[in-house]
Number of protein chains: 2
Amino acid sequence: MNELLVGEGRALKHVQVREYVRSLVKDAAPGSPAPSERELVHRFGVARMTVRQAMDALVVEGLLERIPGRGTFVARPRREVGRLLGYTEEMTRRGLLGESQTLLARREQAGPGVARALSITEGDAVIHWKRLRRADGVPMCIEDAYLNEILIPGFLQSGMPTSLYDALDSRGLRPTWAEDSITADVASEEEAGHLEIDPGAAVLRQSRRALAGEKVVEVSRSVYRADRFTLWVQLGSPG
Amino acid sequence: MNELLVGEGRALKHVQVREYVRSLVKDAAPGSPAPSERELVHRFGVARMTVRQAMDALVVEGLLERIPGRGTFVARPRREVGRLLGYTEEMTRRGLLGESQTLLARREQAGPGVARALSITEGDAVIHWKRLRRADGVPMCIEDAYLNEILIPGFLQSGMPTSLYDALDSRGLRPTWAEDSITADVASEEEAGHLEIDPGAAVLRQSRRALAGEKVVEVSRSVYRADRFTLWVQLGSPG
DNA sequence: CAGTGGTCTAGACCACAGT
DNA sequence: CTGTGGTCTAGACCACTGG
């Protein structure tokens, strides 16, 4: 469990075996056989329970699959909820060039709504960052985000990053979980101006509460041009 | 692993221990201590590795949490992607009464698009089921669904169920995974008539591909009144 | 038949918590 | 200090698979 905390010199045997098998299996096709447990026992000179501990971890991880009487095999990749993507990554994945234009970036005191959403106290410092997002040069979305300043001290002074999620990542605060609410609406005058659409055109509104571990790092409201953006979500339990 | 396949008489020790601990812990508050491993060794007269196998399963399940040097404790419930809900359940959860009015229900041959989405062959039999959904008596959504007829023989003849997902559930085909695409739009004339809104009013369009295990059981397009419906989604990896 | 994973034993030493 | 979980050993028998 705590291999990252182990000092340099130590190397737990089950970890050695696990990583050996992982490296063997890394680029193998699904269905390829992994070494048998008894083969690993001989190769590493360890007890079978130790080998099983190593293999168990890889099975739980979804990398291997045991078939009684036959052997252990590379599992077909399980369906999984994708990594949580920021706007720039999302656009890159769609083959578009994502750009941002900052409309507002300043330190504020949290109002009651933002404070509740960020799980902080009203009046605490927050970063308010509003951006116009483009894709291949054409307006795509307006994002209005609030960040918990306590978690990212000096954020405004350090120069605004291109990708918020990358910036959070570098602080060990990449969101891995988000709660979104999504609704359809029509664009207001102001939104229409920024997005270069007609007032009354359809837009998709997304409110996000993004967490890194237990910490709420970002709450935001985004409004997307409906004619340019479709949201994809996977729901339920992989498997 | 295969406790369900085990004959009546057999009872694997690690399963006995696991279920004993599970029952102890079922209604316990997070943070409550579970029996220590050595205590279970004495209680069941088994080896410690056997107890660990039992506890490991509960830890992987997220029910228990080990703290080295302290003991094993009931874990706080992990964040999890919710069970995939059908319309009726979704409305119930929101405190609304969900009702359906069938607009169309018949057997058809799959066209190319539906066939691809259902992972079947063009011309295969499908159930085409179009419904107007109400919440507390007011139109909420129009759902146009296609079901793989091979998976649910006699579906049309058996009387249309109130809840599609419950009906699938009873056949062991409750969807546990869905891929949705969501976009905003304005209502067409026909949609506006059904939904009792003005043409041009904002609507949320949701295309769903729902799977039970590996089988695609349902593909559907729904159009929701934006003034009455907000979609909630959780993204990322629980934990 | 030989080989596989699944289960199980009866010990052992370690690092770490709390008293 | 005692008690905890974490690691590890060197065997064993079982049910199952495939040739």
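Below, read A as the first sequence line, B as the second, and so on, with proteins coming before strands; counting in each chain starts at 1.
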task: From the options C:dT7, D:dG5, C:dG5, select the nucleotide whose nearest atom is closest to the side chain of B:Q53.
output: C:dT7
message: If I take atom CD in residue B:E37 and atom C1' in nucleotide C:dC8, what distance separates them, rounded to the nearest angstrom?
response: 16 Å
query: For B:F73 and C:dA17, what is the distance between atoms CZ and P respectively, to the nearest whole Å?
result: 12 Å
- prompt: Are side-chain N/O atoms of B:Y20 and B:R43 paired as donor and acceptor at under 3.5 Å?
  reply: yes
query: Any side-chain N or O of A:T50 under 4.0 Å from OP1/OP2 of D:dT7?
result: no
message: Counting only side-chain heavy atoms from C-beta out, which of D:dC8, C:dT7, D:dG5 sits nearest to A:L12?
response: D:dC8
- request: With DNA chain D as reference, determine whether A:G45 or B:R52 sits nearer its 5' end, using the nearest nucleotide of each.
  value: B:R52
message: Rounded to whole Å, please give me the gap between CE in B:M55 and C1' in D:dT4.
response: 11 Å
- prompt: Which of the following nucleotides, D:dA12, D:dG18, C:dA10, is nearest to the side chain of A:R48?
  reply: D:dA12
message: Should the side chain of A:R38 and the base of C:dG5 be counted as holding a donor-acceptor pair, with the cut-off at 3.5 Å?
response: yes
- request: Ignoring backbone atoms, test whether B:R70 places a side-chain nitrogen or oxygen under 4.0 Å from the OP1 or OP2 oxygen of C:dG18.
  value: yes
task: Rounded off to whole Å, could you give me the CG-to-C1' distance for the B:L40 and C:dC8 pair?
output: 16 Å
field: Under 3.5 Å on both distances, the Watson-Crick or G-U partner of D:dC1
entry: C:dG18
statement: Among the nucleotides D:dT9, C:dG5, D:dG5, whichever has the atom closest to the side chain of A:K13 is D:dT9
message: Could you tell me if A:R209 and A:S119 have a donor-acceptor pair between their side chains, going purely by distance under 3.5 Å?
response: yes
query: Atom CZ of B:F44 and atom C1' of C:dA10: how far apart are they, to the nearest Å?
result: 19 Å
- request: Check whether any side-chain N or O of B:S36 sits under 4.0 Å from OP1 or OP2 of D:dG3, and answer yes or no.
  value: no
message: Pairing donors with acceptors under 3.5 angstrom, does anything connect the side chains of A:R131 and A:T102?
response: no
- prompt: Do the side chain of B:T121 and the main chain of B:D124 share a donor and acceptor less than 3.5 angstrom apart?
  reply: no
- request: Determine, for B:R208 against B:E218, whether the closest basic-nitrogen to carboxylate-oxygen distance falls under 4.0 angstrom.
  value: no
- request: Compare the minimum distances between each of D:dC8, C:dT7, C:dA17 and the side chain of B:H14, then state the nucleotide with the smallest one.
  value: C:dT7
- prompt: A:E39 CD to C:dA2 C1': how many Å, rounded?
  reply: 15 Å
task: Please state how far atom CD in B:E65 lies from atom P in D:dT4, giving the value in whole angstrom units.
output: 18 Å
Toward the 5' end of DNA chain C, by each residue's nearest nucleotide, A:M49 or B:G69: A:M49
